Structures are given as structure tokens and as C-alpha cells.
Number of protein chains: 4
Amino acid sequence: MSVRKQARTQGGRPRDSRVDEAIASAVRELLTEVGYTRLTMAEVAARAGVGKAAIYRRHATKQEMIFDVLLPDKFLAVAPDRGSLRADLAAVIAEIADTMASPPGGTVPGLLADVHADPALRDRFVERYLGFQRQTLAEILDRATARGELAVRPDPAALNALLVGPVFAWLFLLRESPEQLPTLTSALLDAALALTGAALPAPSR
Amino acid sequence: MSVRKQARTQGGRPRDSRVDEAIASAVRELLTEVGYTRLTMAEVAARAGVGKAAIYRRHATKQEMIFDVLLPDKFLAVAPDRGSLRADLAAVIAEIADTMASPPGGTVPGLLADVHADPALRDRFVERYLGFQRQTLAEILDRATARGELAVRPDPAALNALLVGPVFAWLFLLRESPEQLPTLTSALLDAALALTGAALPAPSR
Amino acid sequence: MSVRKQARTQGGRPRDSRVDEAIASAVRELLTEVGYTRLTMAEVAARAGVGKAAIYRRHATKQEMIFDVLLPDKFLAVAPDRGSLRADLAAVIAEIADTMASPPGGTVPGLLADVHADPALRDRFVERYLGFQRQTLAEILDRATARGELAVRPDPAALNALLVGPVFAWLFLLRESPEQLPTLTSALLDAALALTGAALPAPSR
Amino acid sequence: MSVRKQARTQGGRPRDSRVDEAIASAVRELLTEVGYTRLTMAEVAARAGVGKAAIYRRHATKQEMIFDVLLPDKFLAVAPDRGSLRADLAAVIAEIADTMASPPGGTVPGLLADVHADPALRDRFVERYLGFQRQTLAEILDRATARGELAVRPDPAALNALLVGPVFAWLFLLRESPEQLPTLTSALLDAALALTGAALPAPSR
DNA sequence: ATCTAAGCGAGACGGTACGTCTTGTCTTAGG
DNA sequence: CCTAAGACAAGACGTACCGTCTCGCTTAGAT
């Protein structure tokens, strides 16, 4: 998935998948050790035991390299029916929170800044991250509608912002502890459900 | 506020305030024209008709310069009582949204990334942005408590994340239009109030 | 002659002589088109419709490849007795001049620089160029001695330098026109004969 | 003389001449230690204790840098009358021989190859080396004519080639010892004078 | 009316990363 | 074992930018 220029059909020596892995490992190590800004291509190459050309054959720029390495290929690819809108949304929030909290240090903010600076990276981001997220939320809303759980169908983008935004803010604006994310996401879930006009968990109060 | 190193006592030629203005204007122009990443100090100096030394006499780094230029000194400094929790929160959300939507292009994400990379900038950010925000929210919650509007007093950090996060996500993650922010913030207000356990405008109760 | 590593005995597919020709042609074309320095192995391979391995199977380095392609195998190999010292020397000068003037552009200076940088190429150069030249000159001097044409037997190396040097200088230091080489070589012949103490065609004696 | 882009008129920090010297020294050291081909800009900068930008501010390319450092500014600039054609030519040959024999290793061949590859360098070479040489020879021939030493006025270019060529060939084609250059140049002088149709040193024979 | 300390524009400085390029070797699949 | 295609490790190149420093000059307030 992270291949930039696929070999036409055949011919020539094939890409060595161990190189891909070595690059990915080196990137992850260096992000942890020195952070997003101080990571250099020369050091990635040296750490991976690989030439710089091998990296640039796979990734057009340093930013795309980090993006490709960090974004899991299967991000939100499946959204199995968990039986209720609340359970479906809880699963989505959990995966979003996990994806954001996992990368080391200032990686996510750094990447986001680069997404805004580089149109190519933006396209990649829309295609591989936003698209899946949007699609998954749409499916969940469809299912909730079918179940009759929704009084009103909320704007998907607003729901998306409501779910993903507070998690991002908690981690990267307020710099609060990731350990307490579950507390946040639980409150978040209540707020989101309130928005849907769905039955509030009033009985429990 | 943006002065880095104040003249000890006196003596010597005083700072020329037209230089400050020229720098600020040049920064704003260049952020609009080329974006956060491609803005260079040499170009700021040239555009402002100023030497680089004059810039560094005022701002320690490029990041602090942009931060100083963009962040209004009076951000959230006052939070007058608007009579109800809803009105108070609405005012806060509006100011947050305005602060985020105003700077050109990818400035906010770029700045956020640098805040995560540079401890000095982080301190500045906490002191000049987060602190005011936190304090304002605390005041608002105090007033609401005094008014008896709060069934439960929510965690201030969680409330903060809930308010600021979706706005950030709307603008910088989903890259949705700033024109439709009011729609988002209105829904956001409902969600936040739901969290406070305040009376919802829901007919279902 | 240009084969680097001869197939041990036999077995396997034999070398394809059309590959040799294609490489030689591509090298000559590219030397003309882009010059010695900008000629790359990848481009030679592409132009020849050949893999890089096929080139390296025949020539150890880029420099040896060019050397092998350009230096005629039979350079100065024969020096038939032309009847007089003057005629013999004239023939040698002519061949030297031809060898130097034929290759395109800056090939000869480029090759000379590499001869000084690479010991292996230097050996090749001594063996295939200098040696033949030295040996030929020695034969010519022997014959002239036998004919009684020499008042003094000049140092072979000095004579060599006197013959080859001005031609090289004319072409590659002064960058004068190759068309006027005959004028130079004719004067050169007189100067060389003067050195040998042979009878000058001077009416002044 | 080696300045690439002269400061317009005034303003700004002036070039530091110690940087020029440090670069020149580093280049000379490295040419001796590792040779023309293996000299790298990064190592020159490191050795000189200088940033790469400081080098490129003065010299457009690596080749120009070496050329600028090695070619003495005053090369053949003066050709004082030494009383006779023979003495004048002897002085010229000596200076040419010295200029060629001084630089380390394969520097001269390397530089010559680059002169043929790079038009900008070629112009520099013509202007700063060939031009002076040509002009000096013309002056010497003028003086000899005035003295009545010349039976025929030889082609300046041919004379130039005859003088400089054998020295070059001795050193860089035949790779003979520089110690024995005086023997060569003495014979060369005789040959050159023979060419001029001047009175040969016949009396001494 | 000087003196003096600091500001000013301009631009050179050391350092460092980027992304490109080339060389000579190695690895496929196929003849 | 040869072939074409092309990936591989290594490392130099020239560019760009940052934040500091140096030049000659200007501008005030203190003497």
C-alpha cells in the first residue's frame, strides 16, 4: 500500500519486502527516540541498513514516508455490527483514540501540519483516513436508522467532528494524559447520543 | 507582550515600533501567500524591509515570531457574565472558533506541531492560550453552579476538549468549510449542555 | 581484447557478440552527444538495449569500458620501415594525431584524468598505449642508427614527449582546430629532427 | 579574483578573507591527501572549519573551486625582457613547467578534463591561463623581431603547443619524473629555436 | 555639543537536512 | 551461463534555511 511506483508488469529485480520492514522499523524507532522534527532521512537509512534511494523509491518525501509507515492499512476498514448505535460508536471512538494515542511524541501534530502543507499528502490523507472514517460512520448511521434508533439523522460531518475532535484536543491541545481517555470517550459517547436525539440513558439516572 | 528582551534600563536607541508592525504585516502576508511551512525568515525580513537581526531582537525563533504575531494579547481575557450557562458557553465557543478560523491556511496545525516540538513554545502556549481558556471555563462553571444550573459539575478539561476539539476537527481534520461552523457550534452547545446534566430542550423528558 | 573475464571453458550460453557491438555503439554515440563526464552506465545500457550486468560482465568499470571501446586494438602495432627517419617519424606523428583527434569532445582529457586516478586503468594504459608507442619509437631509432642518420641518439622518452606533447596541447590545451594539425605536425617533424642532430633542410648551413 | 559574485557596493557583512584562505588551504591539503577525484565539498568545508554555503558563495562548483584555488592570479602576468629570445623562452618554459609540476597528484589532468566538460570553467581557463600565455608569447616574439633574431616569425599557437605540450606529455602522459624536466626543457628550447629559423647554436658543435 | 549605547539594513557565517544522482553489485524470470 | 530489467548500498552533489555575527550607519538620551 505504501508503494509509490508499482513495477509495471514484471522484469527486473522485485522490491525486497525486508527493506520495507527495515524502513518502517527505523522510522518508528527514530520517532520515539528523537521525535518527528529531528528525524532525518540519512539516519533512517543508516538505521535501516538501507540506501536513501531505496527509501525514495517507496516514498516521495519524508512526510509521505512517515505517513505511510504510521497509518495502518486496514484503518477502520471493517465496522462489524455490534448490535446498537451506542456499541457501534463506542467501537469507532476506541479505534480513533487508539490510532491517535499510539504514535510517539509529536508525531500526529507534525503529520497534520504536513498534510496541510503538501497537497499530495493531503490527497493521501483524505483517501486513506478521512474516507474510511466517513464511510464507516455512514454505515453505522444507516444501521441505526434501520433499527429505529434515530429520531433525527445528524449531519455525518458534525458527528465525525464531535467524535474525533475531543479526543484530538485532549491529547494534543490540552496535552492531558492518555490514560484518562476512556473517561473522556465515555462522556463523549453520551454527548454524541444526545445529539442524535436517540433515547438518552435516562432510565439509569 | 511580544518583546523578548527588554532594554535593561535605558540608553541607546529605542526600538522602532514601525519595525514591529512591518514584521507583523509581512508575517501575515506570507502566511497567506506561501503557508506556514514555506515561510522563511529571510523573506519576512525582505518583505518587511528589515534586517534579520531586527526580527531576532524581538522573537527568539521563527515559531515564536508567528505565535506572537497571531495570538491576540487579549485572548479570552474577559468572560463577562451573559446571564446563563448556555450564553456563556456560546460566547466561548464563538471566540475559540474565531481564533482558529482566522489565521490563514495551515497556520494553526503548523503552530501546533511546533508547540509539540519546542518546550519553550509550549510554555508560551500554555501560558497565553490554555491558561486563559481553562480559567475562563472555570469561571463559567462557577457562575452556573451559583445559578443552580448544574446538576453535575463536569470535569473542566473534558468540557474544554468537548468545546474546542470539534471546532478544530471540523476545520483541520475534516477540512470542512468555516462558513458552516455556526451549524456545528450550535449542535456542540447542545451536546455540551447535555454533558452538564442541564435541562435539555428535549420534549422527551 | 576488451573481454574482462573470459568464460572458463565453455558451458552455458555463449556471449552474444551483438551485445558487444551495441555497447560500443552506444558509448560512441553518448560520448558525442553528452560528453565523457555526463555519460552514465544506465544510459549506455538503455541506449544499447542491454542490461547493466551485460556491460559489467565485459568491462570492470565505466572508465575501462570507454577505454576499451575507443582504443583501437592495433594501435601502432606495426611500424613498417618507410625508408628514412623522417618518413618513419611522420607516420608515427600522423597516427598519434589521428588517435587523439578522433574521439569526440572531451573524451581524451577525461580518460587521461581517470588514468591518473585509477591504478588498474593506468596499467591498461601503459600496456596498451604507452608500451607500443615506446617500442615503436625505439625500433625507429634503431633503424635510423643503422642507416647512419643519427648524429646523436636522443633520449627516447624526450623524443616521445616532443612528438606527442604538442599534438595533445594543440587539441586539448589550446583547443585549436584539428583541421590545422598537419601544419603543426610538419613543423613538429622539423623540430624533432633538429633534436636528433639529423641534417636539417636548412639552407643556412 | 576568485570571487564569484562581488558585493554590489556596500552594505552587509563583508566577506571574511580568512575564510578564503581556510578554503584554499583545505583544498590543497585534501588534493595532496586524497587526490582530485576523492576530494569532497563536505570534507573541504569540515577541514576549513567553514559551512558549505561559504564555499558556494565564492565558487559555483567544486571544479571552479579547485581551479580558483590552484591557478595563481599572476600567472605569466609579467614577462620581463631577459635580453635574448632564448632567455625569454627559457623563462616561459620554466614557469609553465613549474605551474604544471606543482599541484599534487592527478590534479592537472582532472582539472583539464573538467575544463572540457564545463563551458563556464572553459571560459575561466581561457581568460586566466591561455590568454596570458598567448599574450606573453606574442610579446616575446615581438621583442625577438625587434632584435632581429627571427628569420621567420612562427605561428604563435604552434610555438605555444611546442613549448607547453612536451612538458605536459612528460608529466602526465609518459608520467616521467619531474626531476628530469630541466633536461627536457633544455632540449625543447633547442627544438623551438630551430623552428624559429633563428641561428642555431651551431658554433658550439 | 558631544558622547555613548543600542537600534538599524544588509548580508556573510557555521551547521545541517533535503532530494537527486551515479556507480558497481545483486536478484528476478526467462532463453 | 547468458540475457533485460531494475532494485540495492553507499555516498557526493548543490540548494535551502536557521539563528548568529559583523559591518557601517543612525538615533536618541545623558552628560
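Every value quoted in this text rests on a predicted model; they were computed, and no experiment measured them.
Positionally, the nearest nucleotide of DNA chain F for A/Ala45 lies more toward the 5' end than for the other of A/Ala45 and D/Pro14. Nearer to the 5' terminus of DNA chain F, by closest-nucleotide assignment, is the contact made by C/Ser17 (compared with the other of B/Glu43 and C/Ser17). In terms of position along DNA chain E, the nucleotide closest to B/Val50 lies nearer the 5' end than the nucleotide closest to the other residue of the pair C/Thr37 and B/Val50. Nearest-nucleotide assignment on DNA chain E puts the 5′-proximal partner with A/Arg38, out of C/Ala42 and A/Arg38.
Under the 3.5 Å distance criterion, the side-chain polar atoms of C/Arg38 are matched with a main-chain donor or acceptor of D/Ala117. Without hydrogens or angle criteria, B/Lys62 side chain to B/Leu39 main chain gives a donor-acceptor distance under 3.5 Å.
Atom CZ of D/Arg18 is separated from atom P of F/dT22 by 9 Å (rounded to the nearest Å). Computed from coordinates, the A/Arg47 CZ to E/dA17 P distance equals 14 Å when rounded to whole Å. The distance between atom NE2 of C/His59 and atom P of E/dT25, rounded to the nearest whole Å, is 14 Å. Across the protein-nucleic acid pair, D/Glu64 atom CD and F/dC13 atom P stand 15 Å apart, rounded to whole Å. For the pair D/Ile23 CD1 and E/dC13 C1', the interatomic distance rounds to 11 Å; values are reported in whole Å. Here the P atom of nucleotide E/dG14 and the CG atom of D/Asp16 are 8 Å apart, to the nearest Å. In this structure, A/Gln63 atom CD and E/dC18 atom P are separated by 9 Å, rounded to whole Å. Spacing between atom CG of B/Asp118 and atom C1' of F/dG19 amounts to 13 Å, rounded to whole angstrom units.
Side-chain N/O atoms of A/Arg15 include none lying less than 4.0 angstrom from OP1 or OP2 on E/dC26. Distances shown here put a side-chain N or O of D/Arg57 below 4.0 Å from the OP1 or OP2 atom of E/dC13.
Within 4.0 Å of A/Ile55, counting heavy atoms only, lies no atom of the nucleic acid at all. Using a 4.0 Å heavy-atom distance criterion, B/Lys62 is classed as a sugar-phosphate-only contact.
Side-chain atoms of A/Val19 lie closest to F/dA9 of the nucleotides E/dG9, F/dA9, F/dA7. Counting only heavy atoms from C-beta on, C/Arg58 has its side chain closest to F/dT3 among E/dG19, F/dG19, F/dT3. When distances are taken from the side chain of C/Met41 to each of E/dC13, F/dG14, E/dT23, the shortest belongs to E/dT23. Checked against F/dA5, F/dG14, E/dC18, the side chain of C/Ala53 finds its nearest nucleotide in F/dA5. Nearest to the side chain of A/Arg13, among E/dA12, E/dG19, F/dA7, sits F/dA7.
With hydrogens and angles ignored, no donor-acceptor pair closer than 3.5 Å exists between the side chain of C/Lys52 and the base of F/dG6.
A salt bridge is defined here as a Lys NZ or Arg NE, NH1 or NH2 lying under 4.0 Å from an Asp or Glu carboxylate O, and D/Glu33 with D/Arg47 meets this definition. Contact check on B/Asp68 versus B/Arg124 returns a salt bridge, with a Lys/Arg side-chain nitrogen under 4.0 Å from an Asp/Glu carboxylate oxygen.
Residue A/Phe67 forms a side chain to side chain contact (heavy atoms under 4.5 Å, CB included) with just one option from A/Val69, A/Leu71, A/Leu70, and that option is A/Leu71.
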Take B/Met41 and B/Met65, measure what side chain to side chain contact (heavy atoms under 4.5 Å, CB included) needs, and give me the verdict at the end. CA-CA 10 Å; B/Met41 295 305 265; B/Met65 174 189 72; 3.6 Å; yes
